[in-house]
Each structure stands twice: as C-alpha cells, then as structure tokens.
Amino acid sequence: MKPSDSKATLSFSDGSPSVEFPIYKGTIGPDVVDIRKLYSATGKFTYDPGYLSTAACESKITYIDGDKGELLYRGYPIEQLATNCDYLETCYLLLNGELPNVQQRAEFVSTVTKHTMVHEQMHFFLRGFRRDAHPMAVMVGLVGAMSAFYHDSMDINDPKQREISAIRLIAKIPTLVAMAYKYTIGQPFIYPDNELSYTANFMRMMFAVPAEKYKSNEVLVRALDRIFILHADHEQNASTSTVRLCGSSGTNPFAAIAAGVACLWGPAHGGANEACLTMLEQLNANGGVAKVGEFMEQVKDKNSGVRLMGFGHRVYKNFDPRAKLMQETCKEVLAELGLEKDPLFKLAVAMEKIALEDDYFVSRKLYPNVDYYSGIVQRALGIPTSLFTGIFALARTVGWIAQWNEMIADPEYKIGRPRQLFTGAAPRNVKPIAQR
Ligand code: ACO
C-alpha cells in the first residue's frame with residue numbers, strides 16, 4: 001500500500017484528544033483512511049453496517065467505478081474481455097494477474113479439462129437429496145463435500161496445493177451443476193467430454209441424453225461463455241466477502257467456496273436473476289405489457305414490498321456495464337433461436353424504458369443490473385429458472401478462489417472479526433424461576 005502525503009484527523013466534541021490516521025492511495029479509486037489503530041487509541045469502534053464506507057481488504061484483482069459504469073478485471077475493461085477472450089482465458093487472468101499467451105493458454109485449458117470428472121462417490125452423495133431439492137441447496141452440499149474428497153490439496157499454506165484446489169474447483173463445478181440439474185429431472189448423468197470447450201462441455205452435460213447425438217450450437221455456447229465472463233468476479237461483493245471471511249479462519253477452500261455459494265443464493269444477490277424472471281413470467285401471465293404501468297406503480301409504492309428485480313446496484317450508480325453486454329447477447333440468442341418476439345424480452349424492454357425515464361428510478365440512480373437480461377438469455381438456452389443462481393455460482397467460483405488465494409498469500413492477513421455496537425440488556429442477575 002502506498003501512503004499518501006495527507007493524513008486524516010479525527011476530533012471529538014467531548015474534549016478527548018484528536019487522533020491522526022494514515023491515508024493510503026490505490027492505483028485508482030478512493031483513498032482509504034487506515035483506522036486500524038482507532039480502538040487502541042480511543043477505545044471506540046467505527047460503525048458501518050452493510051460496509052457502505054469500508055474497504056475490508058487490499059486487492060489487485062477487480063476494480064469497479066460505479067459512477068462511470070466501469071468494471072476492470074486486472075485492469076482490463078469487461079467489454080474488451082467479453083468480446084476478445086473466452087471464459088478460461090478470463091479465469092487465467094483472474095488467477096494469475098496476466099492474460100495467457102498461446103502456450104500458457106493451451107496448458108491451462110489442458111489442465112482444467114483433465115480435472116472435469118468428479119469422484120464417482122459424489123453421485124451417491126447427490127442421490128441422498130430429494131429430487132425436488134433446489135439446485136442451490138444441492139450445490140452448497142456438493143461443494144462443501146468436495147473437502148471430503150481431496151485431502152491431498154488441503155494445506156492452504158502451500159501455494160501449489162492452493163493452485164490444485166483452484167483448478168479442481170473451476171474444472172469440476174460445471175460437472176456438479178449439470179449433475180444437480182440431471183438429478184432433478186431424472187435423467188442419467190452425462191460424463192464430461194474433454195474434446196469440447198469448457199462451456200460446450202457444460203452445455204452437453206446439461207442437455208445431452210445417452211439415447212441421442214448431441215450437437216453444440218456455437219452461438220449459444222458463446223452466449224453462455226459470455227455470461228460466465230460477466231459473472232466471473234465483482235470485487236468485494238457479499239458472497240466474495242463471505243468467502244474471504246470464512247476462509248480467514250484458515251478453513252479449506254472447498255468449505256470457504258461453499259459459504260460463498262450459500263450467500264449467493266439470496267434474492268438480493270445471485271438469486272436476483274431467478275427472481276427477475278419469475279417477476280417477468282408473473283407479469284406476462286397477468287396482462288403483460290398492458291399492465292406494466294400498474295406494476296411500476298406498485299414498485300414505487302414503499303408499502304407494497306415489490307421491487308423491480310434486476311434493477312439497482314450497491315456500487316453501480318450510472319449503469320452496469322455487464323447489463324449492456326447482456327442485452328446484446330440476449331438479442332443474439334433470441335435471433336439465433338427465432339425468438340425475436342419473446343414476450344418476456346418485450347416486457348423487460350418496456351419496463352426498462354419506463355424506469356429509465358421515471359423520476360423514482362432516476363433520482364435513486366437505479367439502472368438495470370447484469371441480472372435483468374441474463375434470466376431471459378438463460379431461459380432461451382433451455383436452463384430452468386431454478387438453476388440460474390447455480391450458473392452464477394459456476395461462473396463466480398473463479399473470482400471466489402482468486403480472492404481467497406490473494407487473501408491467504410497476503411502476509412498481513414488476519415482472521416476477520418468485526419465488532420459491534422451493543423444495545424442489548426445491561427448486566428443483570430438471573431432470578432430463581434419462581435420470581436421471574
Ligand atoms: N426496485 C425499487 N426500488 C428500489 C430498487 C428496486 N429494484 N432497488 C433499490 N430501490 C430503492 C430503495 O427502496 C431505496 O429507496 P429509498 O431511498 O426511498 O428508501 C433506494 O432505492 C436505495 O435502495 P437500497 O436498498 O438502500 O440500496 P442498496 O444499495 O442497499 O441495494 C440492491 C442494492 C440490493 C441491489 C437493490 O437495488 C435491490 O434490491 N435490487 C433488486 C435485486 C437485484 O436486482 N439484485 C441484484 C444485484 S446485482 C448482483 O448481485 C449480480
């Protein structure tokens with residue numbers, strides 16, 4: 001960290017002496033005030049629930065400028081990565097800091113490809129779930145269970161073992177997501193085909209059946225690959241912070257990533273694409289475009305409890321660059337499948353148009369986020385709604401593991417241990433039960 005020439009001074013109105021704190025500069029983005037000595041100097045904590053003003057770590061991986069609508073992986077704009085690279089190149093970049101050259105790419109692809117199979121025992125583990133289990137419930141279990149299979153890569157202090165775990169997670173998670181899907185529909189598991197690309201292989205494991213030949217569609221493969229790139233990492237979001245916090249205790253990477261999967265499941269985070277599509281489907285069934293105006297009034301009414309899913313973001317306050325790319329992909333996929341008149345797409349466009357011109361959304365800086373169009377694309381690809389968050393987890397695994405690895409390798413890393421403002425009962429004595 002680079003110290004800045006200026007310092008921050010905190011003064012108190014109760015006459016306590018003021019305290020000075022160092023300020024550090026990043027490469028880009030806001031400076032940070034280093035308040036680590038605050039408690040020892042003043043006996044006070046900071047209070048920032050929801051981390052609105054707190055940098056929880058130093059990182060070199062992903063940068064977001066929410067006002068400019070900018071997302072960079074290792075310095076590269078997401079637009080350039082989404083149009084010039086594939087998902088595995090993006091994974092290499094996130095893990096290693098640089099884009100691979102031809103030879104590095106070939107080696108990385110080959111290594112990931114050779115790890116796509118999961119232990120056969122995993123099939124029996126999966127069979128313990130009810131067939132109607134939500135795929136995210138299954139994923140939390142399966143990813144956590146990986147720690148029971150790979151004892152040879154559990155020493156988190158050995159960089160080589162951390163690398164092996166990263167490869168295993170990236171390589172096996174598509175196999176697990178596809179297995180979770182096949183299980184819910186009662187079809188046989190399809191083993192990976194290492195002749196295919198990462199994403200084509202995943203689609204085959206999802207959609208092929210042993211009774212028929214399966215042929216990949218390059219446009220659709222490219223669309224899903226782009227979804228993976230756009231979701232690969234996103235700075236210190238809720239699930240990534242969960243992985244860091246969980247991993248900070250020194251637990252194994254599979255357990256830490258399982259915690260990330262659990263966090264991602266929530267509708268305010270990775271569950272938003274599922275919630276968004278459900279919203280569009282319900283609206284379509286209840287009047288469609290003609291009812292959009294009425295629905296938007298409900299969204300604006302604070303008492304209704306209705307939110308426009310796929311809209312708004314904690315960090316992006318201008319536009320989400322991933323949403324633009326996703327809308328483009330959405331159009332390509334619908335055209336490829338002859339679904340240009342898709343009623344949900346029409347509905348989404350109509351609602352976006354109203355929202356972008358409505359003072360409620362404009363004044364609160366609410367814009368479509370990546371999930372607004374990703375549900376429509378995934379549905380067109382044949383992915384069931386309940387699996388959308390599983391796809392997100394698949395794509396985000398690389399971000400989680402890159403961030404976890406960065407944290408473990410940081411000599412300054414400590415177990416995460418937030419403090420609190422306690423407003424509960426003051427000390428008191430337990431009375432005998434007859435006197436309570
Ligand atoms: N619809 C209607 N109103 C909204 C929406 C929305 N989608 N999002 C925010 N608002 C309103 C809030 O009611 C609040 O209004 P107020 O100031 O009058 O009280 C204001 O905008 C600010 O909202 P907060 O919830 O305080 O913003 P926060 O940064 O905490 O939340 C979040 C961000 C969770 C993404 C929120 O916008 C939301 O719930 N969106 C819908 C869910 C969604 O799409 N999540 C996906 C996020 S992206 C991702 O995880 C990949």
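Remember, it's 1-based here, ligands and their atoms both numbered in the order they're listed.
Near ligand 1, residues A268, H269, A272, V299, K302, R307, L308, M309, G310, F311, G312, H313, R314, Y360, R364, L366, N369, V370, D371, F392 come within 4.0 angstrom through at least one heavy atom.
E235 CD to T240 OG1: the interatomic distance, rounded to the nearest 0.5 Å, is 9.0 Å.
Here E20 pairs with nothing under the salt bridge (charged side-chain N to carboxylate O under 4.0 Å, His left out) rule; sequence neighbours left out. With sequence neighbours excluded, the residues forming a salt bridge (charged side-chain N to carboxylate O under 4.0 Å, His left out) with D31 are K25, listed by chain and number. With sequence neighbours excluded, no residue forms a ring-ring contact (aromatic ring centres under 6.0 Å, His included) with F295.
Just one of Y150, F149, F125 meets the ring pair (Phe, Tyr, Trp, His ring centres under 6.0 Å) condition when paired with H119; it is F149. Each of Y316, F392, Y63 was evaluated against H234; a single residue qualifies, Y316, per the ring pair (Phe, Tyr, Trp, His ring centres under 6.0 Å) test.
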